[in-house]
Amino acid sequence: RLEALRGVLAACLEEDLLNDVCREVVEKWSESQIVDAQEKKEDEIQAIASMMEKQAKIVVKPKEISQEEKQRKAALLAQYANVTDEEEYPFPDPVKTQQSTLSALNLLPALFRNTNVEDVLNARKLERELLRDEFQKKKEQDKLQREKDKLAKQERKEKEKKRTQKGERKR
């Protein structure tokens, strides 16, 4: 920076004054930078302080509850206070419920038999049998069609022979 400043000022000033003027310009510029930085910090501090003051002014007012609402709330609490810990109402114990369900399932296994796997296997077996039957039918139809084609071919050959024989007789 100092060298660039010297180059600019060299054209205007004498050589003796050049160093002093450059030094003075740089010092003034540095001082202005410091002042700007301090002003920015002061502005930030002021902004934070004003935000804190605004937040301090915000006061949450407690909710005013009427006597009627207090009585209604007390009645509800009294109603639900009658339910003891031993009772299953309104929330049954999930562990006890699961254990009782499992024990009932173990006692009556015939009533709760899972047949999903059997149903799927039976459906696949039925499908395979249907496909096998269709394949056999198609195979038989193809065989019959080949026989028909063979007979038709032989009939054409015989007709051709008869025509050629007629043609030879006419000659």
Looking at [X], I'd like to know if its [atom1] atom is crowded, meaning that more than 12 non-hydrogen atoms belonging to other residues, nucleotides or ligands lie closer than 6.0 Å.
X	atom1	value
Glu147	CD	yes
Glu127	CD	no
Glu68	CD	no

For a side chain to side chain contact (heavy atoms under 4.5 Å, CB included) check, start with the C-alpha distance between Arg156 and Glu160, then their side-chain angles and the critical distance, and finish with the verdict. CA-CA 6 Å; Arg156 273 187 264 132; Glu160 185 66 30; over 6 Å; no
So, taking the atom named [atom1] in [X] and the one named [atom2] in [Y], what distance separates them when rounded to the nearest 0.5 Å?
X	Y	atom1	atom2	value
Ile48	Asp43	CD1	CG	11.0 Å
Gln141	Glu134	CD	CD	10.5 Å
Lys153	Leu151	NZ	CG	12.0 Å
Leu130	Arg128	CG	CZ	11.5 Å
Arg132	Lys139	CZ	NZ	12.5 Å

With a 4.0 Å cut-off on N to O distance, would you call Asp142 and Arg146 a salt bridge? no
State whether Lys73 and Glu69 are salt-bridged, where the test is any N-O pair (Lys NZ or Arg NE/NH1/NH2 against Asp/Glu carboxylate O) under 4.0 Å. no
Given side chain to side chain contact (heavy atoms under 4.5 Å, CB included), test Lys125 with Leu121 step by step and report yes or no. CA-CA 6 Å; Lys125 187 176 181 181; Leu121 290 175; over 6 Å; no
